[in-house]
Amino acid sequence: SKYSSWDEVVKTYQEYTTKEWDKNLDCIIQSNFKQISGNYVLKADRNALLATIKAFFEEPCSPAYESINCPVLFFHATIPE
């Protein structure tokens with residue numbers, strides 16, 4: 001995915017969190033992007049990442065563990081202190 005501004009990125013990702021957007025969350029999200037020719041490009045596949053976030057937001061994690069049959073990177077659901 002390619003975004004023409006950081007505000008566009010923030011608008012999209014705010015739909016996937018109930019947390020108030022702050023500097024810490026901004027830094028965490030920004031670490032998942034690289035800038036190419038003035039655009040923000042997600043380092044990982046956007047659909048896979050957003051589907052993972054949405055799935056674990058809607059469903060408790062523990063019942064899902066036994067169904068995962070491939071290597072997975074889990075994202076912790078809180079902002080590090």
Side-chain angles (χ1 to χ4, degrees):
S1 294
K2 187 165 62 170
Y3 299 90
S4 59
S5 70
W6 185 246
D7 288 338
E8 189 179 346
V9 174
V10 170
K11 183 180 176 184
T12 299
Y13 281 79
Q14 281 179 326
E15 296 174 11
Y16 290 92
T17 184
T18 56
K19 291 199 169 285
E20 184 175 334
W21 203 269
D22 62 13
K23 277 187 168 184
N24 288 332
L25 186 54
D26 195 75
C27 287
I28 291 167
I29 298 300
Q30 198 165 34
S31 70
N32 291 296
F33 287 85
K34 54 188 171 187
Q35 267 192 293
I36 300 175
S37 301
N39 293 304
Y40 291 89
V41 180
L42 191 59
K43 292 177 183 177
D45 175 67
R46 177 183 183 268
N47 291 333
L49 181 61
L50 293 178
T52 302
I53 293 168
K54 186 176 180 180
F56 281 97
F57 178 76
E58 293 178 351
E59 185 70 32
C61 296
S62 54
Y65 291 150
E66 62 191 42
S67 300
I68 298 173
N69 297 314
C70 63
V72 174
L73 173 63
F74 287 109
F75 296 92
H76 197 274
T78 61
I79 297 175
E81 294 182 17

Inset, instruction - Take K2 and Y40 through the side-chain contact (heavy atoms from CB on, under 4.5 Å) test and state the conclusion after the steps. - result: CA-CA 6 Å; K2 187 165 62 170; Y40 291 89; over 6 Å; no
Inset, instruction - Kindly check if the number of other-residue, nucleotide or ligand heavy atoms within 6.0 Å of NZ (K23) is above 12? - result: no
Legend entry - Residue list, side-chain contact (heavy atoms from CB on, under 4.5 Å) with K11, at least two apart or on another chain: none
Legend entry - Partners passing side-chain contact (heavy atoms from CB on, under 4.5 Å) against D26 (at least two apart in sequence or in another chain): W6, V10, W21, Q30
Inset, instruction - For a side chain to side chain contact (heavy atoms under 4.5 Å, CB included) with I29, tell me which candidate from T12, V9, L42 qualifies. - result: V9
